[in-house]
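Because the structure is predicted, anything quoted here is derived from the model rather than measured.
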Amino acid sequence: MSEIIRKIEAEQMKAEAPAFNVGDTIKVYGKIKEGNRERIQIFEGTVIKKQNGSNRATFTVRKSSNGIGVEKTWPLHSPLVEKVEVIRKGKVRRAKLFYLRDRVGKAAKVKEKK
């Protein structure tokens with residue numbers, strides 16, 4: 001990768017990236033633009049995937065809304081992500097928790113770290 005691209009990517013990265021892992025339950029404060037207004041909407045769920053890649057790093061959060069599973073992928077260093085708040089730490093043995101897609105209710109829960 002050229003030095004110019006590396007320099008541009010370094011400028012786009014956030015100074016303090018939020019610290020969380022796969023299996024954690026988090027709240028993502030995302031900015032939403034509606035017409036000429038901007039507001040913050042909270043998306044709370046379990047992190048099922050994290051992909052690294054400097055300023056292209058993403059994470060996927062899954063929640064159940066009215067009995068339907070909803071997943072949303074967020075860029076980690078995006079200006080649209082206001083902040084990420086960790087609610088509880090999860091105890092997992094996998095890097096990707098795609099098996100949660102097949103589970104409903106209590107079976108879809110992740111144990112909490114002690």
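- For the pair Glu9 and Arg56, the minimum side-chain heavy-atom distance is below 4.5 Å.
- For the pair Lys31 and Lys33, the minimum side-chain heavy-atom distance is 4.5 Å or more.
- Other residues sharing the hydrophobic cluster of Tyr29, ordered by chain and number and joined by side-chain separations under 4.5 Å: Ile40, Ile42.
- Between Phe20 and Phe59, the ring-plane angle classifies as perpendicular under the 30° and 60° cut-offs.
- The shortest distance between side-chain heavy atoms of Leu97 and Arg62 does not fall below 4.5 Å.
- Environment of CZ in Arg101: crowded, with over 12 heavy atoms of neighbouring residues, nucleotides or ligands closer than 6.0 Å.
- Looking at heavy atoms from C-beta onward, Val22 lies out of side-chain contact with Lys96 at the 4.5 angstrom threshold.
- Every residue meeting the side chain to side chain donor-acceptor pair (under 3.5 Å) condition with Thr60, not counting sequence neighbours, appears here in chain and number order: Thr73.
- For Lys111, the NZ atom is loosely surrounded, since the number of other residues' heavy atoms within 6.0 Å does not exceed 12.
- Expressed to the nearest 0.5 Å, how far CD of Glu16 lies from NZ of Lys83 amounts to 13.0 Å.
- Counting non-hydrogen atoms of neighbouring residues, nucleotides and ligands closer than 6.0 angstrom, the NZ atom of Lys113 reaches no more than 12 such neighbours.
- With hydrogens and angles disregarded, no donor-acceptor distance shorter than 3.5 Å links the side chain of Asp24 to the backbone of Lys89.
- Considering only heavy atoms from C-beta on, Leu76 comes within 4.5 Å of Pro18 through its side chain.
- Put simply, CZ on Arg94 and CG on Leu100 are 11.0 Å apart, with the number rounded to the nearest 0.5 Å.
- The neighbour count for Arg37 CZ, taken as heavy atoms of other residues, nucleotides or ligands under 6.0 Å away, does not exceed 12.
- To the nearest 0.5 Å, atom CD of residue Glu85 and atom CD1 of residue Ile26 are 10.0 Å apart.
- When hydrophobic side chains of Ile, Leu, Val, Met, Phe, Trp and Tyr are connected at separations under 4.5 Å, Ile8 ends up clustered with Ile4.
- You'll find the side chain of His77 stays beyond 4.5 Å of the side chain of Gln12, heavy atoms only.
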